[in-house]
Structure formats: C-alpha cells, structure tokens
Amino acid sequence: GTRVAWNYVVLILLCSINSSFAPATQHVLEKSEVAPSKPNMTSENVYEFLLSFFRPVTCRHKDEQALIPCHVGGNLNTTECLEKKCCPSKTSHEPECYVPVADNMQLIFRVIVLVAGGFLILGCLPFCCCACLQRSQCVNPLRRANKEVKQVVWKKRAHSKDTYVRLPN
C-alpha cells in the first residue's frame, strides 16, 4: 500500500522536475537550421546551464508584477521574441515582448531537491563504505584465514578420514 503511494509520489516529482528543467524561452529553429545531433559542451554552456538552474525564469507573471519591455527592437513576432530570450505578450495591455520574470518557487523547489539529494548521498555513503569494507579481506581481519584454525580443521579432517577407513566391512 505505502510502496505504491511512494512510487506515485516519485513519479509525480520526476514529471514535475522534467517539465521544470525546460527553459522558459527555448531556442526556435529556423526552417533551414538542423538540430545538432551531439551538442558540444563548453565551459560557457556549462556556466549558462548552472546560471539558468539557479536563476530560473518564467513567462508566467502575476497581475501585480511590473513587466519590463525587452529592448530588442520594435514589432517583433512571437518567434523573434523567443529567439531574443524574451517572452511574447498574450494581451494588448502588456508590452509586445517583455523580459522573463524570476521564478522563486521553482528556485526553492530545485534547491530543496538538490539539498535532499545531497543529504541522501551523504547518509547512504557510510553504509555503502562499511558494507564494501566489511567484505574485504585486507581490511577486515575476521575475514582472513587464521593459521591455527586451519591446522585444527586439517587435523580434524585427517582424523575423521582415519576413522572412516578403520571401520570394519
């Protein structure tokens, strides 16, 4: 019962994480442009990813938030607005193209997931290390073969073989 509930919770979290990691303003491909099969990871790309991870933005805004117009030129259509990493407006009383607003709830969620994952790893690390080291013969002296015990076992085996041989037919 509880295992199924936990599976659903994990599934819901994974779905929300997957949708939340998608940037609010994605690069729009032209008709002649082809998506790269293997994107090259440079330090600049990694920096941009980390920056977008810890400073999430969204095009969804609350009514009381002031929108800052995106200074990329006038009369842009939706595609051009998204190419300039701005948000296109949906209503007439907003600017045509505005700067995305900070998403504090997404930031809180990402930090909580990151910290919880770190604590989970740090919590499991000692158990994993102990389990691996406990099975190791070079670290755990109880796993090593004791010479005296070996001699006693060999003597008992030899004695038991002698008793089986001496039994009359």
Side-chain angles (χ1 to χ4, degrees), residues 1-140:
T2 57
R3 182 178 178 151
V4 174
W6 276 111
N7 287 341
Y8 282 123
V9 168
V10 169
L11 184 64
I12 290 169
L13 281 175
L14 287 175
C15 288
S16 66
I17 288 172
N18 187 20
S19 65
S20 68
F21 282 130
T25 55
Q26 296 178 348
H27 179 69
V28 179
L29 294 176
E30 296 290 328
K31 289 180 184 176
S32 63
E33 189 177 358
V34 178
S37 60
K38 268 189 178 176
N40 297 333
M41 281 304 262
T42 61
S43 60
E44 185 176 308
N45 291 345
V46 172
Y47 175 74
E48 286 179 14
F49 172 74
L50 286 175
L51 189 66
S52 68
F53 182 81
F54 287 107
R55 288 189 183 163
V57 293
T58 184
C59 287
R60 288 184 230 123
H61 61 88
K62 297 176 184 168
D63 291 332
E64 66 268 2
Q65 282 181 325
L67 298 177
I68 302 167
C70 204
H71 299 291
V72 291
N75 296 337
L76 295 177
N77 62 16
T78 303
T79 307
E80 292 170 340
C81 189
L82 289 174
E83 283 177 352
K84 304 295 183 186
K85 296 187 179 181
C86 294
C87 299
S89 66
K90 295 175 183 153
T91 61
S92 61
H93 65 79
E94 297 173 351
E96 286 182 20
C97 209
Y98 60 91
V99 177
V101 293
D103 193 356
N104 292 330
M105 289 303 291
Q106 192 61 245
L107 177 64
I108 290 169
F109 178 72
R110 290 177 183 181
V111 169
I112 287 174
V113 168
L114 198 64
V115 169
F119 277 133
L120 183 68
I121 290 171
L122 287 176
C124 293
L125 190 65
F127 294 113
C128 294
C129 289
C130 286
C132 291
L133 293 177
Q134 185 178 10
R135 294 181 182 151
S136 172
Q137 289 183 356
C138 59
V139 175
N140 189 353

*Do other residues, nucleotides or ligands put more than 12 heavy atoms under 6.0 Å from E48 CD?*
yes

Is there a side-chain contact between [X] and [Y] in this structure, where contact means two heavy atoms from C-beta onward sitting under 4.5 Å apart?
X: V99; Y: L67; answer: no
X: L82; Y: P88; answer: yes
X: C87; Y: Y98; answer: yes
X: R110; Y: P56; answer: yes

Hey, could you give me the [atom1]/[atom2] distance between [X] and [Y], rounded to the nearest 0.5 Å?
X: R60; Y: D103; atom1: CZ; atom2: CG; answer: 7.5 Å
X: Q106; Y: F53; atom1: CD; atom2: CZ; answer: 8.5 Å
X: N45; Y: L50; atom1: CG; atom2: CG; answer: 11.0 Å
X: S52; Y: Y47; atom1: OG; atom2: OH; answer: 11.0 Å

*asked:* One pair to check against disulfide (SG to SG under 2.5 Å): C97 and C81. What are the steps and the verdict?
replied: CA-CA 6 Å; C97 209; C81 189; 1.7 Å; yes

*Out of I108, V115, L114, which one pairs with V111 under the side-chain contact (heavy atoms from CB on, under 4.5 Å) rule?*
V115

